[in-house]
Number of protein chains: 2
Amino acid sequence: MADEDELRILLQRVARRIRSNRADGTMSDAKLGVLFRVEHEAASPGSLAERERVTPPSMNRTLNTLEQAGLVKRAPDPDDARKVVVSITAAGRELIAETRRLRTAWFSHRLAELTAEERAAFDTLVPVLRRWAEL
Amino acid sequence: MADEDELRILLQRVARRIRSNRADGTMSDAKLGVLFRVEHEAASPGSLAERERVTPPSMNRTLNTLEQAGLVKRAPDPDDARKVVVSITAAGRELIAETRRLRTAWFSHRLAELTAEERAAFDTLVPVLRRWAEL
DNA sequence: TATTGTTATACTCTATAACTATA
DNA sequence: TATAGTTATAGAGTATAACAATA
């Protein structure tokens with residue numbers, strides 16, 4: 001069995017290494033996280049706060065910054081006037097695409113260096129990681 | 001082949017999940033990072049700033065907080081009066097031990113749920129992750 | 001002069017408490 | 001009354017610029 005401590009620490013360091021590839025050095029994890037969330041589906045400020053595990057006021061501030069930068073936009077919910085719908089803009093999509101391109105480039109190069117056995121090992125672990133990420 | 005994007009994103013989410021296990025909710029990553037650094041070997045503020053990739057003033061502020069909390073101590077360098085040596089205290093060691101224990105507990109439970117094949121896959125990937133972490 | 005550490009100041013992200021509008 | 005969003009205010013971490021002490 002591999003050393004548990006080492007495996008755990010390695011996962012954190014590799015994740016940090018991946019995260020260091022950013023399209024724009026001024027984009028924080030907080031902002032990028034929200035941008036990635038609303039990329040596929042518009043969401044309310046409250047649900048974004050919950051999924052990013054921050055408080056509603058904190059999320060509100062992040063949304064203000066993203067909105068001022070033209071990366072997301074707010075719109076009133078047609079069914080419930082209390083609610084707001086946050087969606088991504090074209091500029092937001094472009095920034096995400098660039099960030100993803102850089103991260104993918106680095107990661108693709110790393111994957112390309114692997115043996116067939118190592119690639120297979122990753123395939124085996126994807127369902128495991130998927131479960132853990134949801135906990 | 002597994003989806004490269006998903007694998008990359010999952011690694012980040014799992015790392016984040018692991019990181020959320022802290023002995024003391026008030027200990028930030030910044031402070032814990034320094035504490036882990038000086039656990040094995042005393043170091044200067046400047047070298048700590050470099051290895052943690054923050055500026056010297058930022059590191060200085062972190063060290064002030066850790067010192068006030070009694071987790072590290074500063075001492076003059078005997079050879080060069082300009083330099084300072086930062087070392088961990090007994091209280092600092094205790095806090096690290098507790099943090100490590102909690103992280104290990106969560107991760108151990110996750111590993112215990114795996115099949116033999118999944119465990120073997122992790123063993124295969126440890127050398128790979130070790131290489132990536134150093135890049 | 002160059003190096004090491006620190007102080008001064010400001011900006012971002014986070015939080016708790018309080019307020020507004022709507023259901 | 002309860003819910004969704006926001007505003008007010010404060011604490012922690014980070015940065016750049018400037019300063020002090022020593023080599």
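The model shown is predicted, which means the values in this text are computed figures rather than measured ones. Every chain is numbered from 1, with letters handed out A, B, ... down the list of sequences.
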In whole Å, I'd like the distance from the [atom1] atom of [X] to the [atom2] atom of [N].
X: A/Gln68; N: C/dT12; atom1: CD; atom2: C1'; answer: 13 Å
X: B/Arg82; N: C/dA2; atom1: CZ; atom2: C1'; answer: 8 Å
X: A/Asp77; N: C/dA21; atom1: CG; atom2: C1'; answer: 14 Å
X: A/Asn64; N: D/dG5; atom1: CG; atom2: C1'; answer: 11 Å
X: B/Met27; N: D/dG13; atom1: CE; atom2: C1'; answer: 13 Å
X: B/Lys83; N: C/dT6; atom1: NZ; atom2: P; answer: 14 Å
X: B/Leu66; N: C/dT6; atom1: CG; atom2: P; answer: 13 Å
X: B/Leu63; N: C/dT7; atom1: CG; atom2: C1'; answer: 15 Å

For the helix from C/dT1-D/dA23 to C/dA23-D/dT1, what is the angle between the axes at its two ends, each from 5 pairs, rounded to 10°?
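Between the first-five-pair axis and the last-five-pair axis there is 10°.
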Just to be sure I understand the rule, does B/Asp80 reach a base, reach only the sugar-phosphate, or reach nothing, if contact means heavy atoms closer than 4.0 Å?
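B/Asp80: backbone/sugar contact only, no base atoms under 4.0 Å.
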Give the nucleotide from the list D/dT22, D/dT7, C/dT7 with an atom nearest to the side chain of B/Ala81.
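The listed nucleotide nearest to B/Ala81's side chain is D/dT22.
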Cation over ring, B/Arg110 on B/Trp106, under 6.0 Å and within 45°?
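That pair qualifies as a cation-pi contact.
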Step-by-step salt bridge (charged side-chain N to carboxylate O under 4.0 Å, His left out) determination, A/Arg37 to A/Glu52:
CA-CA 9 Å; A/Arg37 292 281 181 193; A/Glu52 290 295 312; 2.6 Å; yes
Given the rule in the salt bridge (charged side-chain N to carboxylate O under 4.0 Å, His left out) test, do A/Arg74 and A/Glu67 qualify, once you have shown the distances and angles that lead to the verdict?
CA-CA 8 Å; A/Arg74 285 182 173 102; A/Glu67 194 175 36; 2.7 Å; yes
For each nucleotide in nucleotides 13-20 of chain C, reading 5' to 3', give B when a protein heavy atom comes within less than 4.0 Å of its base, S when such contact involves only the sugar-phosphate, and - otherwise.
SBBBB---
Ignoring hydrogens and geometry beyond distance, is a side-chain donor-acceptor pair present between A/Thr55 and A/Ser58 at under 3.5 Å?
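Checked: A/Thr55/A/Ser58 side chains show no N/O donor-acceptor pair below 3.5 Å.
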If you take all heavy atoms of B/Leu129 and A/Val14, which pair is closest and at what distance?
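It is O-CG2, 3.6 Å.
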Using a 3.5 Å distance criterion without hydrogens, assess whether the side chain of B/Ser108 forms a donor-acceptor pair with backbone atoms of B/Thr104.
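Looks like yes, one N/O pair under 3.5 Å.
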When the ring planes of B/Phe107 and A/Trp132 are compared, do they come out parallel, tilted or perpendicular, using 30° and 60° as the limits?
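Rings of B/Phe107 and A/Trp132: perpendicular, over 60°.
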Tell me whether the side-chain N/O atoms of B/Arg74 come closer than 4.0 Å to OP1 or OP2 in C/dG5.
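No, because none of the side-chain N or O atoms of B/Arg74 sits under 4.0 Å from OP1 or OP2 of C/dG5.
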If the cut-off is 4.0 Å, is A/Asn60 near the phosphate of D/dT6, judged by side-chain N/O to OP1 or OP2?
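The answer is yes; a side-chain N or O of A/Asn60 sits under 4.0 Å from OP1 or OP2.
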Check whether more than 12 heavy atoms from other residues, nucleotides or ligands sit under 6.0 Å from atom CD of A/Glu6, and answer yes or no.
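Check passes, neighbour count above 12.
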Take a 6.0 Å sphere around CZ of B/Arg13 and say whether it holds more than 12 heavy atoms from other residues, nucleotides or ligands.
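Not buried by this count: 12 neighbours or fewer within 6.0 Å.
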